[in-house]
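Quick notes on the structure that follows.
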Amino acid sequence: MLTECRPFVVDVGEAALNDLRRRLEATRWPFVIPGSGWDYGVELAYMKGLVEYWRTAFDWREQQRAINRFAHFQAVVDGARIHFIHERGSGESPLPLVITHGWPGSFLEMLDVIPRLAHPERFGGDPRDAFEVVVPSLPGYAFSAPAAERGMDPKRIAELWVRLMAGLGFERFCAQGGDWGASVSTRIGLCFPGALMGLHLNYIPGSYRPFLGDGAQPLGKDEKAFLESAQNWYESEGAYAHAQATRPDTLAYALTDSPVGLLAWILEKLRDWSDCDGTVERRFSKDVILTHVTLYWVTGTIASANRLYYEAKRNPIQLAKGERVEAPCGIVTLAKEAPAAPRPWVERGYNVTRWTELPRGGHFAAMEEPELLVEDIRSFFRPLRGAVR
C-alpha cells in the first residue's frame with residue numbers, strides 16, 4: 001500500500017558540504033609502489049588530482065539544480081520510505097515503465113534516458129513511443145530510507161515496486177533494469193506475472209540459475225564457456241562482491257568515514273566496468289563521477305547500499321523445473337559487459353522475444369549509451385503497447 005506520497009526536493013545543507021571539504025583537506029594518502037599505475041588498484045596520481053578538483057572546483061549546487069529539474073517524490077510503501085522520480089510522458093497513451101538502477105549507481109544513472117523515454121518528440125522521435133517513467137531509488141540508496149530489519153532483497157523490493165506502481169495508478173506496467181535493476185525486474189516477472197506487460201534488461205542477474213536437473217537440455221558449448229568465464233571473472237574481479245555479501249558493515253565503517261575511500265571504491269568500478277579502455281574520463285567526466293560519489297556521501301548510504309549484496313546472496317534467483325519469466329523479454333548486451341550470458345542460457349529462464357548486441361558500451365548502459373539503449377527499449381515495447389489500451 002502506498003501512503004504519504006509527497007513532492008521532494010533535493011537540498012543538501014551547507015554544513016554537510018563544508019564537512020566534506022574539511023575531510024578532503026585532511027586526507028592521509030597511502031604509500032604505493034612507484035610506477036605501479038592501476039595494477040594494485042586505483043592510481044594514486046589520478047586520485048590526488050580528482051580529490052583536488054572535488055575540494056576546490058566541483059560545484060554540487062550546480063548538479064543539485066540539474067537533479068531538481070525532475071519531479072521527485074517520497075512515499076511510504078508497505079512501511080518503507082521510497083524516493084522516486086515520476087516523469088509523465090507525452091502523447092495520448094504513454095506506457096508505464098519502472099526503471100531500476102544498480103550498484104554503485106543510483107537514480108542519477110537514468111537522468112539522460114528519462115526525458116528521451118518520456119518525450120521522444122523532443123529528440124526527433126515519435127510521441128506514440130512515449131513512456132510514463134518511474135525511477136525509484138532502491139531501499140537504502142540515496143533518498144530511500146535504509147531497511148530497519150533483515151530481508152530487503154530483490155524479491156522484497158519487487159513487491160514494493162508492484163505496490164508503488166499500483167499506488168500511482170498502474171496495475172500493469174513494464175520494467176527495465178541492469179545490475180540490481182535486472183534482479184528486481186526479474187523478480188517482478190517471476191513473482192507478479194499479472195502485473196508485468198514486458199521486461200527489458202541490459203544485464204542478466206549474476207545469481208540467476210535456470211533449472212538444470214532431470215529433463216533439462218544439456219549445456220551447449222557457449223553456455224559452458226560462459227560459466228567458466230563467469231567463474232574466472234568473479235575470482236579475479238569479484239572481491240568487492242564477496243566482501244559486501246559477507247561482511248558489508250565492516251567495510252562500511254571505512255567508506256562512511258572517508259570520502260576519499262568512498263571515491264576509490266566507486267571510481268574503480270566506473271573505470272573497470274565501462275567501455276573506456278582504462279581511461280575513465282573517456283566515458284564519465286569528473287563532474288559525473290563526483291556527483292555520484294557526493295550523493296552517496298551526503299546521504300550516508302554506502303553501508304545500506306552495500307548490504308543488498310548480503311541480502312541477495314541468501315535468496316538467489318534459482319529457478320525450479322518449469323519456472324521462468326513468461327512475459328515478453330527484450331535483452332540487450334553491450335560490447336564491454338562482462339561476464340555476458342549467451343542467448344541459450346538466458347532463454348532457459350526468460351521468454352526472449354528480442355535480442356540485441358550493441359557494438360559499444362559497458363555495464364552502465366543508461367549513462368554510457370543512452371541513445372542506443374532508449375532506441376532498443378522503444379523498439380522492444382512498441383508491439384506491446386496495445387496490451388494497455
Side-chain angles (χ1 to χ4, degrees), residues 98 100 102 151 153-159 161-162 172-235 237-238 241-242 245-246 308-334 337-358 363 376 379-381 383-384 387:
V98 61
T100 309
D153 59 21
K155 183 177 180 180
R156 173 63 177 136
I157 297 170
E159 183 178 10
W161 277 199
V162 170
R172 299 192 72 226
F173 57 90
C174 304
Q176 201 284 329
D179 196 80
W180 285 125
S183 295
V184 172
S185 301
T186 296
R187 286 295 193 183
I188 294 174
L190 291 171
C191 302
F192 304 94
L196 189 64
M197 292 176 49
L199 174 64
H200 186 280
L201 304 178
N202 55 275
Y203 182 78
I204 301 302
S207 72
Y208 158 73
R209 289 294 181 273
F211 177 75
L212 297 175
D214 291 343
Q217 193 74 12
L219 291 174
K221 180 180 177 181
D222 289 347
E223 292 175 297
K224 291 178 180 178
F226 160 68
L227 292 175
E228 182 178 354
S229 68
Q231 183 61 34
N232 291 338
W233 188 90
Y234 283 111
E235 287 180 2
E237 304 289 341
H242 188 67
T246 55
L308 183 52
Y309 283 78
Y310 183 98
E311 303 293 357
K313 184 179 181 180
R314 282 142 187 83
N315 191 11
I317 302 173
Q318 296 185 349
L319 305 185
K321 187 174 184 178
E323 187 179 16
R324 69 199 302 260
V325 177
E326 296 294 351
C329 298
I331 308 296
V332 58
T333 65
L334 291 91
E337 179 70 277
R343 184 167 184 168
W345 177 255
V346 179
E347 287 182 329
R348 290 174 182 270
Y350 294 85
N351 176 22
V352 179
T353 60
R354 179 182 173 89
W355 183 276
T356 307
E357 297 181 6
L358 297 181
H363 188 67
D376 200 76
S379 297
F380 169 68
F381 284 113
L384 303 179

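FYI, side chains are in, hydrogens and waters are out, and symmetry mates aren't considered; it's all heavy atoms of this structure.
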**Prompt:** Should D153 and R187 count as an ion pair when the cut-off is N to O under 4.0 Å?
**Reply:** no
**Prompt:** Should the pair H363 and Y203 be assigned to parallel (<30°), tilted (30 to 60°) or perpendicular (>60°) ring geometry?
**Reply:** perpendicular
**Prompt:** What pairs with Q318 under side-chain contact (heavy atoms from CB on, under 4.5 Å), at least two apart in sequence or on another chain?
**Reply:** R209, P316
**Message:** Within the structure provided, determine whether L308 and P154 are in side-chain contact (heavy-atom separation under 4.5 Å).
**Reply:** yes
**V332 side chain reached by L201 side chain, heavy atoms, under 4.5 Å** = no
**Request:** Hey, could you give me the OG/CG distance between S229 and D222, rounded to the nearest 0.5 Å?
**Result:** 10.5 Å
**Message:** Do R343 and V352 have side chains that approach each other closer than 4.5 Å (heavy atoms only, starting at C-beta)?
**Reply:** yes
**Prompt:** Between the main-chain N or O of V184 and the side-chain N or O of T100, is there a donor-acceptor pair closer than 3.5 Å?
**Reply:** no
**Asked** Are the side chain of R172 and the backbone of G194 linked by a donor-acceptor contact shorter than 3.5 Å?
**Response** yes
**Message:** Just so I know, are the side chains of L358 and T333 near enough to count as touching, which here means a heavy-atom distance under 4.5 Å?
**Reply:** no
**Message:** For E228, is the CD atom crowded, meaning more than 12 foreign heavy atoms sit under 6.0 Å from it?
**Reply:** no
**Message:** For Y309 together with W180, are the ring centres under 6.0 Å from each other?
**Reply:** yes
**Message:** Less than 4.5 Å apart, side chain to side chain, heavy atoms only: is that true for N202 and D376?
**Reply:** no
**Asked** Can you tell me how far CG of L219 sits from CZ of F226, rounded to the nearest 0.5 angstrom?
**Response** 11.0 Å
**Asked** Are side-chain N/O atoms of E357 and W355 paired as donor and acceptor at under 3.5 Å?
**Response** yes
**Message:** Can you confirm whether C174 sits close enough to L199 that some side-chain heavy atom of one is under 4.5 Å from a side-chain heavy atom of the other?
**Reply:** no
**Request:** Please list, chain by chain and in numerical order, all residues satisfying salt bridge (charged side-chain N to carboxylate O under 4.0 Å, His left out) with E326, sequence neighbours excluded.
**Result:** R324
**Request:** Report yes if the side chains of T356 and F380 come closer than 4.5 Å at any heavy-atom pair, otherwise no.
**Result:** no
**Item:** Q217: partners by side-chain contact (heavy atoms from CB on, under 4.5 Å), with sequence neighbours left out
**Value:** R348
**Request:** Take the angle between the ring planes of W345 and Y208 and call it parallel below 30°, perpendicular above 60°, tilted in between.
**Result:** perpendicular
**Asked** Between E237 and N232, is any side-chain donor less than 3.5 angstrom from a side-chain acceptor?
**Response** no
**Request:** Report the distance from atom SG of C191 to atom CD of E159, rounding to the nearest 0.5 Å.
**Result:** 9.0 Å
**Request:** Look at the side chain of S185 and the backbone N and O of A182, then say whether any donor-acceptor pair between them is shorter than 3.5 Å.
**Result:** no
**Prompt:** Is the shortest heavy-atom distance from the side chain of I204 to the side chain of I331 under 4.5 Å?
**Reply:** yes
**Request:** Any chance you could measure I317, atom CD1, to S207, atom OG, to the nearest 0.5 Å?
**Result:** 4.0 Å
